[in-house]
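One structure below.
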Amino acid sequence: MAKFEHIVDRIYEAATEPNGWSTVLDELSRGVGAAGSVLLTQRSDSGWLGRKCSVEIASRFDVYMKSEAALQTQCTARLLAANRSGFVTDRDVFTDEEYLADPFMAEWGNANGYHHCAATAIHLPKRDLVIYHVQRRKGQPAFDSADIQFLDSFRPHLARAGLLAARWKLERLRVMAEALALLGLAAAIIASNGRVLASNTLIESMGSHVVWLPGDYMVFADPAATALLKRSVADLRTPAAPTVRSFPVKGADGEGLMVAHLIPTPGRARDFFEGGSGVLVLSIAAAPGAPDANLVAGLFDLTPAEARVACAIAGGQTVKEIAVRHAVGYETVRAQIKAVFAKTGTNQQSQVASLLAGLPCFPRRGG
């Protein structure tokens with residue numbers, strides 16, 4: 001009884017501290033003599049978004065989830081088709097021949113020395129899904145009724161912890177969005193599939209720039225800005241990707257220029273239930289000015305020379321004036337301006353100036 005209560009306590013702790021799941025999964029695995037366990041989370045409108053693994057299989061399973069086998073396996077489909085409020089084993093939903101031939105085993109399990117498994121699917125509100133999967137090593141027997149009884153004893157707690165984790169995450173996102181509103185920033189938290197997870201009243205009231213779609217999705221009234229937003233959202237899982245993440249946004253009438261900044265939230269800033277998200281902030285483009293070159297270079301992945309040219313454009317200098325001031329050729333400056341256009345999602349010098357005018361102002365060193 002003490003061991004049972006100990007694991008239950010760890011389950012609820014993990015609901016609010018995602019890093020605790022690996023310990024929970026290890027203890028569940030040991031309880032049935034398994035090599036390890038996996039927790040998978042999926043939003044109803046997208047593919048698998050997150051996972052936590054026990055220590056032994058973590059790196060191996062990460063490789064599997066990035067492979068074609070993860071897209072081709074029938075394990076999840078068979079599990080859902082079983083429609084059972086409890087754990088099911090591989091033998092419940094496959095013949096031995098089918099299971100060994102499935103991409104999950106053929107491409108991952110056999111290669112890593114694993115065989116029998118047991119899993120359960122738990123449906124959350126809005127049809128989101130959590131799956132707990134337990135894996136045994138090759139040579140060990142299949143899970144028996146006593147093993148399943150042990151795992152099922154924890155299932156109600158795993159279900160409630162999954163629900164709590166989802167609601168906890170949503171509440172934290174709402175708090176983040178409203179905190180940005182207190183700073184005067186119109187903002188939305190966007191998942192890597194483009195769904196808006198939370199937003200504040202400032203961005204919700206920007207009807208001339210923002211268009212809300214069914215299912216908690218948003219686009220801009222400006223088609224060019226929408227295309228840039230979709231590209232940058234698609235790369236949220238890879239924060240280092242050379243994607244334009246700060247770009248101009250025109251209003252529905254083509255006027256009222258604003259600047260959008262999509263800021264990735266890597267590492268501990270996102271938890272297993274999301275798998276990738278970013279903060280979208282909209283700011284008004286003020287009168288053109290000359291922001292700090294280091295800030296410009298960092299935001300748009302510009303070289304020092306490109307950042308100097310961008311700041312010079314914001315300061316109203318012509319191509320000829322920039323070339324003379326920095327002692328470089330006219331065509332060199334033109335090439336640098338083209339690079340600035342490509343990296344900022346603009347196509348005119350006036351757009352670059354307006355875009356940079358919307359950046360936050362920081363005091364210069366020594367200034």
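We count residues from 1, following the sequence as given.
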ask   = L151 and side-chain contact (heavy atoms from CB on, under 4.5 Å): which partner among L158, V32, T120?
value = V32
inquiry  = Check this for me: Q149, atom CD, are more than 12 non-hydrogen atoms of other residues, nucleotides or ligands nearer than 6.0 Å?
reply    = no
task = Answer yes if V309 and V324 sit in the same cluster of Ile, Leu, Val, Met, Phe, Trp and Tyr residues linked by side chain heavy atoms under 4.5 Å apart, and no otherwise.
result = no
Under 3.5 Å side-chain donor-acceptor pair for S37 and S29 = yes
message = To check you understand the geometry: which heavy-atom pair defines the closest contact between L262 and G278, and what is its length?
response = CD1-C, 4.2 Å
request  = Please test S54 against W21 for side-chain contact (heavy atoms from CB on, under 4.5 Å), starting from the C-alpha separation and ending with a verdict.
outcome  = CA-CA 8 Å; S54 55; W21 279 111; over 6 Å; no
Residue list, ring-ring contact (aromatic ring centres under 6.0 Å, His included) with F154, at least two apart or on another chain = F4, F150
ask   = Any luck finding a side-chain donor-acceptor pair between R10 and T23 under 3.5 Å?
value = no
key: salt bridge (Lys or Arg N to Asp or Glu O under 4.0 Å) partners for R30, two or more places apart   = none
task = With sequence neighbours excluded, tell me which residues meet side chain to side chain donor-acceptor pair (under 3.5 Å) with R137.
result = E56
message = Ignoring hydrogens and geometry beyond distance, is a side-chain donor-acceptor pair present between H6 and E27 at under 3.5 Å?
response = yes
query = Can you name the residues that form a side-chain contact (heavy atoms from CB on, under 4.5 Å) with V219, not counting sequence neighbours?
reply = V211, L213, T226, K230
Partner residues of D92 under the side-chain contact (heavy atoms from CB on, under 4.5 Å) criterion, sequence neighbours left out = R84, V88, T89
ask   = How far apart are the C-alpha atoms of V210 and L282, what are their side-chain angles, what is the distance that settles it, and do they pass the side-chain contact (heavy atoms from CB on, under 4.5 Å) test?
value = CA-CA 10 Å; V210 176; L282 285 179; 3.8 Å; yes
ask   = Can you list the residues that meet the salt bridge (Lys or Arg N to Asp or Glu O under 4.0 Å) rule with E331, with sequence neighbours excluded?
value = R334
ask   = In a check of side-chain contact (heavy atoms from CB on, under 4.5 Å) between I131 and each of V38, T41, I122, T76, which one passes?
value = T76
message = Under a 4.0 Å threshold between the charged nitrogen and the carboxylate oxygen, would R91 count as salt-bridged to D96?
response = yes
task = Not counting sequence neighbours, which residues clear side-chain contact (heavy atoms from CB on, under 4.5 Å) with T318? List them please.
result = K320, E321
inquiry  = Listing request: all ring-ring contact (aromatic ring centres under 6.0 Å, His included) pairs with a residue in residues 181-201, at least two apart in sequence or in separate chains.
reply    = none
query = With F87, which residues qualify under ring-ring contact (aromatic ring centres under 6.0 Å, His included), at least two apart?
reply = none
task = Identify which one of Y64, W108, Y99, F61 satisfies the ring pair (Phe, Tyr, Trp, His ring centres under 6.0 Å) criterion when paired with Y114.
result = W108
ask   = With sequence neighbours left out, what residues match F220 under ring-ring contact (aromatic ring centres under 6.0 Å, His included)?
value = none
ask   = Who are the salt bridge (Lys or Arg N to Asp or Glu O under 4.0 Å) partners of R160, not counting sequence neighbours?
value = none
Verify same cluster id: L164, I11 (apolar side-chain graph, 4.5 Å) = no
Residues forming a side-chain contact (heavy atoms from CB on, under 4.5 Å) with E178, sequence neighbours excluded = A181, N200
inquiry  = Please give me the minimum heavy-atom distance between M258 and M206, naming the atom from each residue.
reply    = CE-CE, 3.5 Å
